[in-house]
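See structure below.
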Amino acid sequence: MQYWIPASLVASLFISGCSLFPEDVAEQATEAKPVAELKVPTGLVAAKKPAQFDIPAAPNAPVTEVELKSPMQVLALATNSRVEEEEKEARIWFERSEFTGELLPYLRKNVQDFGTEKQIEITQKDQDALVFETGWVSRFEEEGFWLWKDMVEKEQSRFLVVLEPKSHGRSVGLRVQLLEHRFIDNDTKLSALAQKREEVYFLNRLVDKVATVELAQIRLKKAQSRQITLTTGFDAEGNAAMLTGQPIDSAWSQLELMFEQNGFLVNDLDRTNYTFFLTYQQPEAGFWDSLWGSQETIAVPLTPGDYQLVLSKTQVGTSLSWRDSSGKAFTADQVTALHQTLVQIIRKDNIDL
């Protein structure tokens, strides 16, 4: 009995929880008391108080709506673009690179091509082709539900696009200024922050156009500079094989990429002896491939089944010896036919072999 009483008392304390503490204590802990202003004795001068932290007086007109959207940021998407610190305008700077050539004509063409692609009227406004004015650029919002959704035009804007070249010609600024804006359903005026957002949004679209063109040029140059070194020859054992100028480790990693996309399943691999154990099944274009317009698959001249691919180091690179499931090497005719198909796959998939 004497042990039961203390135990029941402890249990009641846990159950009661915070009710043991008076509410006024919790309130006092969070109550903020104003600090009385310092009283300066007679004959002394009060210390100066800085005014930089004073809260400005509220305007006479009541605030009915507060815009909570943050200002947009200019995105330097192109590799040769930059944004200067503390920039107040919707402006970005481009530098001349190996992909642009003469920078000013390059940017002019991108601005005009952007208008053509987006069906936006762009008119040259000066003799030097440095100032362009757009027609009405529409903004749409999705309205409705499920099958009844529709894109509804909400607002329109017109912009001034200004090219600002440096005297040396290696740097050109691209600035966007909002000329006119209107809402379709009402006569509401844009705030200063909203005007800046419109300018930055349109500028980012122009920068994205330049970045897209630049990326296409980079890919084209890379494809032109890529040399396919895969040829036919013989391995160290005198069997017909394929030869590549790539080091054996590079060839190994590139073959893994090729297998994943072209019907080869890697059942096992021996990295010590550089051997792939494969199963080939001709890939079939599925419903989604046809729907999205995927590239046509290339059929490899192999019957479905199991194969081996053995890589060996050579003086100039790597040899690729193809074998059946029992380890018998392919004939010269089989290697030649397979080589012609693999070259097409290498070009299609941008593989370095």
Side-chain angles (χ1 to χ4, degrees), residues 212 215-353:
T212 302
L215 180 60
Q217 292 173 324
I218 292 173
R219 288 176 174 173
L220 177 61
K221 185 172 183 178
K222 183 178 179 181
Q224 292 174 344
S225 62
R226 182 184 296 109
Q227 295 182 356
I228 300 176
T229 62
L230 190 66
T231 60
T232 56
F234 299 92
D235 59 18
E237 299 177 0
N239 298 315
M242 299 179 192
L243 305 176
T244 177
Q246 295 288 341
I248 191 169
D249 290 326
S250 298
W252 177 275
S253 61
Q254 292 298 307
L255 285 168
E256 286 183 308
L257 296 176
M258 185 183 73
F259 293 151
E260 293 176 359
Q261 305 173 19
N262 295 281
F264 289 96
L265 175 64
V266 180
N267 298 316
D268 197 4
L269 49 86
D270 183 354
R271 187 59 187 264
T272 304
N273 296 311
Y274 291 99
T275 302
F276 288 102
F277 297 90
L278 310 168
T279 295
Y280 176 71
Q281 182 66 45
Q282 182 174 344
E284 297 181 359
F287 170 75
W288 295 110
D289 294 328
S290 60
L291 182 63
W292 298 111
S294 300
Q295 293 182 350
E296 183 180 355
T297 57
I298 299 176
V300 178
L302 292 175
T303 57
D306 297 331
Y307 297 92
Q308 299 177 20
L309 178 57
V310 181
L311 279 63
S312 304
K313 294 181 180 180
T314 65
Q315 293 181 351
V316 295
T318 307
S319 67
L320 285 64
S321 302
W322 289 85
R323 304 174 184 179
D324 60 19
S325 58
S326 63
K328 182 181 178 181
F330 279 19
T331 65
D333 292 340
Q334 289 177 305
V335 171
T336 300
L338 184 58
H339 169 263
Q340 294 174 354
T341 303
L342 292 186
V343 168
Q344 300 178 39
I345 292 175
I346 289 170
R347 288 198 179 101
K348 176 178 71 73
D349 296 340
N350 294 327
I351 295 173
D352 294 326
L353 276 178

Flag side-chain contact, heavy atom, 4.5 Å: [X] against [Y]:
X: Leu353; Y: Met242; answer: no
X: Lys328; Y: Asn239; answer: no
X: Thr229; Y: Val316; answer: no
X: Gln254; Y: Thr244; answer: no

message = If only side-chain N and O atoms count, and only distance matters, is there a donor-acceptor pair under 3.5 Å linking Tyr280 with Asn262?
response =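 No - no donor-acceptor pair under 3.5 Å links their side chains.
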
ask   = Looking only at side chains, do Asp333 and Thr331 share a donor and an acceptor under 3.5 Å apart?
value =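 No pair is found: no donor N or O on one side chain lies under 3.5 Å from an acceptor on the other.
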
inquiry  = Holding to side chain to side chain contact (heavy atoms under 4.5 Å, CB included), I want the full list of residues that pass it with Ala241, two or more places apart in sequence or in another chain.
reply    =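 Only Asp235, Ser321 meet the side chain to side chain contact (heavy atoms under 4.5 Å, CB included) criterion with Ala241.
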
request  = Kindly state each residue pair satisfying side chain to side chain donor-acceptor pair (under 3.5 Å) with at least one member in residues 304-316, sequence neighbours excluded.
outcome  =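 Of all non-adjacent pairs touching residues 304-316, those that pass side chain to side chain donor-acceptor pair (under 3.5 Å) are Thr279-Asp306, Thr303-Tyr307.
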
Indicate the atoms forming the closest heavy-atom contact of [X] with [Y], along with that distance.
X: Thr275; Y: Asn273; answer: OG1-O, 3.2 Å
X: Ile351; Y: Leu257; answer: CD1-C, 4.5 Å
X: Pro304; Y: Gln281; answer: CB-OE1, 3.7 Å

inquiry  = Would Leu309 and Phe264 count as a side chain to side chain contact (heavy atoms under 4.5 Å, CB included) here? Give the steps.
reply    = CA-CA 11 Å; Leu309 178 57; Phe264 289 96; over 6 Å; no

In Å, rounded to the nearest 0.5 Å, how long is the span from [atom1] of [X] to [atom2] of [Y]?
X: Leu278; Y: Leu269; atom1: CG; atom2: CG; answer: 9.5 Å
X: Leu255; Y: Tyr274; atom1: CG; atom2: OH; answer: 12.5 Å
X: Thr232; Y: Leu338; atom1: OG1; atom2: CG; answer: 11.0 Å

key: Geometric class of the Trp252/Phe276 ring pair [parallel <30°, tilted 30-60°, perpendicular >60°]   =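 Ring orientation, 0 to 90° scale: parallel.
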
task = Determine the interplanar angle of the Trp322 and Phe259 rings, folded into 0 to 90°, and report it as parallel if under 30°, tilted if 30 to 60°, perpendicular if over 60°.
result =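 Geometry flag for Phe259 against Trp322: perpendicular rings.
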
message = With ring-ring contact (aromatic ring centres under 6.0 Å, His included) as the rule and sequence neighbours excluded, what pairs involving residues 334-353 come up?
response =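 For residues 334-353: none.
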
request  = Please determine which of Ile346, Asp352, Leu243 meets the side chain to side chain contact (heavy atoms under 4.5 Å, CB included) test together with Leu230.
outcome  =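 Per the side chain to side chain contact (heavy atoms under 4.5 Å, CB included) rule, the option paired with Leu230 is Ile346, out of Ile346, Asp352, Leu243.
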
